[in-house]
Amino acid sequence: MPASGSPPAPDLQADLPIERYGLIGDSGTAALVSDQGSIDWLCLPTFDDAPVFGRLLDPEGGSCSISAVDLRSSHRRYLPETPILETTLRSATGAATLIDLFATATDERRDRELVPSRWLIRRLEGVEGVVTIDLAVAPRDPFGGGRWELQGRGRTAVAQLEGRALFIASSVPLEVRPAEVGARVEVAVGDVVHLCLAYAERDLGVVPPVGEAAEHALRDTAAYWRAWADRVPATSEHRDVVVRSALTLKLLSFAPSGGVVAAPTTSLPETLGGSRNWDYRSVWVRDASRSVIALLDRGHPEDARAYLFWIANATRLTRPRVDTLYALNGERAAREREIGGLRGYAGSLPVRTGNAAARQLQLDNWGYLVDAAYVFTERTGDLPWNLWPEVRSFVRFVVANRWRADHGIWEFRDRTRQLVHSKVMCWVALDRGIRLARLLSIDPPADWERARDEVHAAILRDGLDADGRGFARAFDDPAIDASLLELPAVGFLPGDDPRVLATIDRVTNELATGELVRRYRADDGLAGDEGAFVACSFWLVQALARAGRRAEAEEVFARTCARGNDLGLLPEEIDPATGAFLGNFPLALSHLGLLAAARALEDQMNGS
């Protein structure tokens, strides 16, 4: 028996490995679909709402499953250059192909037809023999909001909970059971079965159509995503991983506002059975700011512009202070709290909503913000919505606060430090603010240039490790930290500077296991351990490329990309010993790291 108060032992038989999930979405919410055909995570109506299907965090948390009786194997892929998921389920008697997607609708179609909100389409087609399939829609509110009431007749049903409604339609008759709506059906070669869901909340509900209307929506959605992906430039050798990461980033964006969520999940653990479980269903300023550059690089300036508009509005109530994260609509993020009554993924507790890091001082955020505004203006020739007053206030804040200790990029919860990475990003805010002013034909204040030069000198003086060869974690802490790999990427020093080279070598020697790189090894005030942080591997690729070590960079890039699952999706962390995925999934920062690393390799190849 475990000691009183200790977490239950992980039960992996009750929890599919994280890597066995795929992602579908509509830039408003997203679902995780297992390779067995079950949707085990879906929050409605948006990323940060309570889950309707939450089996990911508790066996009784609800799901929407299309499962083959006597399943023997499955194989899956995304339809080329789309986020439409295709899973082939094979039983002892035959095989059927399941296609999962959230439908998109053009403005023209919305004007012409009454289109469902959050229209989930599940399409099953027999391709070999005869397969017995069980359909089951079991909505729950695992966060304690109440019980969904089910009603139905024939091929339609509705689940209701306090002004929320989930409409269910199928091409086969449905049975309303005590806690689910379901059916068992025999699917032969050529048979097509649709199961469609749509959501409504205190507004007009629309029963989702099936049959030809669903087929038409599938074709329209595939065409939309292929047109979007077709605009993504990439070298032939990197195209598949670059397009998949760009599509994933688009799925994690919140279209109504332009923000980008860090991940669509909460409380997937950094250690199985541990307590390092955080809610990532908000917009982190640093991650979303990086997306501006990634989307510009990959042919979508309109998405980059949408984020700049979002951050300009999100910070209006806090400016010049910048919260680490904001809610999807730009309001201040919800406070962190624990949800009781759940088992947690693999027995990992607590389950959390909200994130206390929102109120931390993380000085690097100002650097990412100003850099995003500068890069957008430099590349497009336009600073939208007259953002200069906002940017100016951010730079002034850095001038006034640059010497403060902070919690930093890793959001340390024990104490603040004079973190070198944070100081470097203060330098970035000052440097890019000066450059942006000059792009706009504005004379930057003299104290900006003085502050920039003072910060640069202080880092070179106080930010080195014990032997003075490379950089350290903090002015008062000589430990190594993988965030230091970003120094050449932001232009603080050239990639072949001896201090940068020494830092790369120390990260590789002390934090890396093959291509997998841990964030740090020093105590951070939290119990338990964690895996290797995937984004750090891609930062290593960038640093190696800028150091002129292209062969090493290409090898680390290829091996890290190969760590993705069979769909090309990347988690927050990976266990170096087992290769298991850890943390929230898929993580925007991991895919942003891949895009930036691919760009660094392309630049190095082109000599730029």
Side-chain angles (χ1 to χ4, degrees), residues 23 232 234 238 240-253 260-263 270 280 284-298 364 367-368 371-372 375 409-411 421 424-425 428 481-490 495 504 507-508 511-520 530-547 552-565 568-574 576 581-604:
L23 181 75
V232 176
H238 297 153
D240 287 347
V241 293
V242 164
V243 168
R244 182 54 50 201
S245 286
L247 286 168
T248 303
L249 187 61
K250 178 66 171 173
L251 285 184
L252 297 180
S253 66
V260 179
V261 296
E270 296 175 11
Y280 280 6
W284 260 253
V285 167
R286 79 170 57 82
D287 298 7
S289 296
R290 293 171 193 258
S291 74
V292 171
I293 299 172
L295 291 165
L296 283 170
D297 283 345
R298 301 303 169 182
D364 62 299
Y368 289 115
D371 187 47
V375 171
I409 187 173
W410 304 134
E411 301 174 354
H421 178 267
V424 168
M425 294 311 296
V428 169
D481 188 303
S483 65
L484 300 169
L485 294 169
E486 289 208 292
L487 270 64
V490 299
I504 294 172
V507 167
T508 302
L511 299 181
T513 303
E515 71 281 1
L516 297 179
V517 181
R518 294 182 181 271
R519 300 187 295 177
Y520 50 82
E530 63 178 25
F533 199 78
V534 174
C536 294
S537 296
F538 291 119
W539 297 350
L540 177 59
V541 173
Q542 293 180 73
L544 289 169
R546 287 180 169 81
E552 292 176 72
E554 286 280 11
E555 180 180 4
V556 174
F557 183 78
R559 290 170 61 124
T560 305
C561 290
R563 290 283 188 167
N565 69 4
L569 300 177
L570 294 164
E572 179 182 5
E573 298 181 359
I574 294 175
F581 285 11
L582 299 170
N584 285 303
F585 170 81
L587 193 75
L589 187 58
S590 298
H591 287 279
L592 285 164
L594 185 153
L595 292 170
R599 175 62 187 265
L601 292 170
E602 292 163 5
D603 287 348
Q604 205 274 340

Apply the test salt bridge (Lys or Arg N to Asp or Glu O under 4.0 Å) to residues R518 and E573: give CA-CA distance (whole Å), side-chain angles for both, the deciding distance (0.1 Å), then the verdict.
CA-CA 9 Å; R518 294 182 181 271; E573 298 181 359; over 6 Å; no

Closest heavy-atom contact between V428 and G367?
CG1-O, 3.7 Å

Go through the steps to decide whether D481 and R519 satisfy the test salt bridge (Lys or Arg N to Asp or Glu O under 4.0 Å), and finish with yes or no.
CA-CA 6 Å; D481 188 303; R519 300 187 295 177; over 6 Å; no

Those residues that, when tested against R290, pass salt bridge (Lys or Arg N to Asp or Glu O under 4.0 Å) (two or more places apart):
E486

Under the rule for side chain to side chain contact (heavy atoms under 4.5 Å, CB included), what residues qualify as partners of S289, not counting sequence neighbours?
V285, Y307, Y368, L369, A372

Atom CG in L589, atom CG in D287: separation rounded to 0.5 Å?
4.5 Å

What is the ring orientation for F581 with F585, classed by angle as parallel under 30°, tilted 30 to 60°, or perpendicular over 60°?
tilted

Roughly how far, to the nearest 0.5 Å, is CD of E515 from SG of C536?
13.5 Å

Sorted by chain and residue number, the side chain to side chain contact (heavy atoms under 4.5 Å, CB included) partners of L595 (sequence neighbours excluded) come out as V242, S245, L249, A294, R298

Using modelled atom types only, decide if a donor and an acceptor are shared between the side chain of S590 and the backbone of P571 within a distance under 3.5 Å.
yes

Quick one: do L247 and L251 satisfy side chain to side chain contact (heavy atoms under 4.5 Å, CB included)? Show the steps, please.
CA-CA 6 Å; L247 286 168; L251 285 184; 5.7 Å; no

If you measure from the Lys or Arg side-chain nitrogens to the Asp or Glu carboxylate oxygens, is any gap between E554 and R559 under 4.0 Å?
no

Steps toward salt bridge (Lys or Arg N to Asp or Glu O under 4.0 Å) verdict (R599, D603):
CA-CA 6 Å; R599 175 62 187 265; D603 287 348; 2.9 Å; yes

